[in-house]
Participant: 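Dumping the structure here so I can ask a few things about it.
What you see is a predicted model, and the numbers here were worked out from it, not measured in a lab.
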Amino acid sequence: MPHRISPLVLALGLAASGLSGCGGSGAAASATTTVTAPAVTHTVIAPTDDERPASASTTAGSPTTAVSPSTSAPSTTPPAAGTTSSAAPTSAPASAPAPAAGVTEAGFDAAAGAYLKGRKGHVGVFAVDLTDGRQVQHNAGQRCETASMVKLDVLLTLLLQRQDAGKPLSSSDRALTSSMIINSDNNATTTLWGRIGQHEGVRAANRRFGMTETEPGTSYRWGLTTTTAADQVRLLRNLVRDDGPLDQASRDYALGLMGRVADGQDWGVSAANPQHEAQVKNGWLPRSDGWVVTSAGRAQTAAGHEVLLAAVSCEVSSQQHGIETIEHLAEMAASALDR
């Protein structure tokens, strides 16, 4: 059964430049940039000057502009109940998806396409079985904004930079990264984005992570980073590779935070596990052309297979619609890789 997001839980992720979303970007913009992906063109709205982060501190649940990197510590105080009830996602129209249990590895691409036919938005999904290396995918090159899914990239970039400098994470690093991943705190992310060198720091780290299809958002527009499901799985591989750039302590730290994501934010590719238990980081952001909903993580399937999964979606009708779509595709992927 797909997760449903309550207004209060939704409010905890809302702090994106005057918008109700978790991604650090605004929707009001006059300029647009066209990003072309396989078989579909998605329009990404470019930020304008009024979307730049303000210097005043804001809480994670406030529908105000993201803070500047001078913020010393994030706030995770929940907003008063009902303050964002009008922004709660509406339920997606009823649909009759194909049973996930009947999907095979060879038939996954076609089955995913059939399921998505008639559903609003652009979606890409990629999954790899760490047990035997088998993969399933559909439209894995679809490019969408990351929204808060980029926070995993920010975390791994920080860990890599601290390794290179031969320094452990500071107490401030630990407090900020915990808030960023567990509670999806936007203020903490903005502070860390500045700390790692903004988009240039992320781009340099991504080259070492083997990523080729992710473009970091410029300045402090980290939520407007664009990526693909395939590239997010490349990022996830760095959490399980002994021969990758991250050492064991860094990998364990990141996976530990991902396994403690707050209740109500643990939806998405976690559906690959029968109990929805996984190490995950999700993103959600309303845009002028619909919602961006994204998810990436590691899960264990019903048959005990360790899998890495990522899904991106943009221009979907609501947050709930995107969650239902990603969770059904995750269930389909797990079933196909278990056969």
Side-chain angles (χ1 to χ4, degrees), residues 1-6 9-10 13 22 89 91-92 94-105 107-109 111-116 119 121 123-131 134-140 142 144 147-149 152 181 184 229 232-233 236 239 255 258-284 291-313 316-339:
M1 179 176 295
H3 287 71
R4 293 199 176 275
I5 308 301
S6 69
V9 170
L10 178 66
C22 187
S91 299
S95 60
V103 180
T104 64
E105 180 185 352
F108 178 85
D109 186 31
Y115 166 66
L116 293 170
R119 293 181 70 85
V123 181
V125 61
F126 190 94
V128 59
D129 189 333
L130 296 177
T131 307
R134 292 180 302 131
Q135 303 175 357
V136 292
Q137 59 182 295
H138 175 76
N139 204 19
Q142 170 64 50
C144 290
S148 282
M149 185 171 64
L152 176 60
I181 300 299
S184 205
Q232 288 304 297
V233 170
L236 290 169
L239 294 172
L255 288 169
M258 294 169 67
R260 295 162 51 204
V261 167
D263 291 343
Q265 295 185 23
D266 54 354
W267 42 263
V269 298
S270 58
N273 176 271
Q275 286 76 45
H276 282 248
E277 296 176 353
Q279 293 150 318
V280 69
K281 186 68 197 87
N282 300 324
W284 60 98
W291 277 78
V292 170
V293 183
T294 57
S295 182
R298 183 177 78 165
Q300 186 176 77
T301 67
H305 291 213
E306 293 288 337
V307 295
L308 302 178
L309 309 92
V312 301
S313 68
V316 298
S317 59
S318 69
Q319 184 189 14
Q320 190 62 44
H321 177 94
I323 291 171
E324 291 172 354
T325 297
I326 289 174
E327 292 194 340
H328 189 72
L329 291 171
E331 292 170 354
M332 291 172 62
S335 176
L337 293 172
D338 273 353
R339 295 175 70 87

Participant: Can you tell me how far apart CG (Leu152) and CG (Leu239) are? Round to the nearest 0.5 Å.
Facilitator: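 One finds 6.0 Å between CG of Leu152 and CG of Leu239.
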Participant: Of all residues at least two apart in sequence or in a different chain, which pass the side chain to side chain donor-acceptor pair (under 3.5 Å) check with Ser335?
Facilitator: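 None.
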Participant: Let's go through Val280 and Met258 carefully: what are the C-alpha distance in whole Å and the side-chain angles of both, what is the deciding distance for side chain to side chain contact (heavy atoms under 4.5 Å, CB included) to 0.1 Å, and is it a yes or a no?
Facilitator: CA-CA 5 Å; Val280 69; Met258 294 169 67; 5.6 Å; no
Participant: Please determine whether side chain to side chain contact (heavy atoms under 4.5 Å, CB included) holds for the pair Met332 and His328, giving the CA-CA distance in whole Å, both sets of side-chain angles, and the decisive distance to 0.1 Å.
Facilitator: CA-CA 6 Å; Met332 291 172 62; His328 189 72; 3.4 Å; yes
Participant: Looking only at atom types and distance, does a side-chain atom of Arg298 sit under 3.5 Å from a main-chain N or O of Leu236, one as donor and one as acceptor?
Facilitator: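 No, because the side chain of Arg298 does not come within donor-acceptor range (under 3.5 Å) of the backbone of Leu236.
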Participant: Would you indicate whether the side-chain heavy atoms of Ile181 and Lys281 approach each other to under 4.5 Å?
Facilitator: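 A side-chain contact under 4.5 Å exists here.
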Participant: Restricting to side-chain contact (heavy atoms from CB on, under 4.5 Å), what partner residues turn up for Ala140, sequence neighbours left out?
Facilitator: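 Ala140 satisfies side-chain contact (heavy atoms from CB on, under 4.5 Å) with Phe126, Gln137, Ala230 only.
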Participant: Which pair of heavy atoms, one from Gln319 and one from Trp284, lies closest together, and at what distance?
Facilitator: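 Taking every non-hydrogen atom into account, NE2-CG, 3.3 Å.
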Participant: Residues in side chain to side chain donor-acceptor pair (under 3.5 Å) with Ser295, at least two apart?
Facilitator: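 Partners of Ser295 under the side chain to side chain donor-acceptor pair (under 3.5 Å) test: Asn282.
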Participant: Can you list everything that forms a side-chain contact (heavy atoms from CB on, under 4.5 Å) with Ala271? Sequence neighbours excluded, please.
Facilitator: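 In terms of side-chain contact (heavy atoms from CB on, under 4.5 Å), with neighbours along the sequence ignored, Ala271 is linked to His276, Glu327, Ala330, Glu331.
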Participant: Got Val316 and Thr325 here, is their nearest side-chain heavy-atom distance under 4.5 Å?
Facilitator: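 Sidechains of Thr325 and Val316: no contact.
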Participant: For the pair Asn273 (side chain) and Ala299 (backbone), establish whether a donor and an acceptor sit closer than 3.5 Å, ignoring hydrogens and angles.
Facilitator: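 Checked: no pair found.
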Participant: Rounded at 0.5 Å granularity, tell me how far CD1 in Ile323 sits from OG1 in Thr294.
Facilitator: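 Interatomic distance, Ile323 CD1 to Thr294 OG1, rounded to 0.5 Å: 10.5 Å.
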Participant: Output all residues satisfying side chain to side chain donor-acceptor pair (under 3.5 Å) with Thr131, sequence neighbours left out; order by chain, then residue number.
Facilitator: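 Side chain to side chain donor-acceptor pair (under 3.5 Å) check on Thr131 returns Asp129.
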Participant: Supply the atom-to-atom distance Trp267 CH2 to Ile326 CD1, rounded to the nearest 0.5 angstrom.
Facilitator: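 The distance works out to 6.0 Å.
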Participant: Side chains of Val233 and Gln135: does their closest heavy-atom pair fall under 4.5 Å?
Facilitator: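 Counting from C-beta outward, Val233 and Gln135 never come under 4.5 Å.
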Participant: Could you walk me through whether Asp338 and His305 pass side chain to side chain contact (heavy atoms under 4.5 Å, CB included), step by step?
Facilitator: CA-CA 7 Å; Asp338 273 353; His305 291 213; 3.7 Å; yes
Participant: For Phe108 versus His138, what's the shortest heavy-atom pair and its separation?
Facilitator: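 In terms of heavy atoms, the two residues are closest at CE2-N, 4.0 Å.
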Participant: When you measure from the side chain of Asp266 to the backbone of Val261, do you find a donor-acceptor pair of N or O atoms at a distance under 3.5 Å?
Facilitator: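 Pair absent, no side-chain N/O of Asp266 close to backbone of Val261.
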Participant: Without placing hydrogens or testing angles, list every side-chain donor-acceptor pair under 3.5 Å for residues 306-313, not counting sequence neighbours.
Facilitator:
from: Glu306; atom 1: OE2; to: Gln300; atom 2: NE2; distance (Å): 3.1
from: Ser313; atom 1: OG; to: Val293; atom 2: O; distance (Å): 2.6

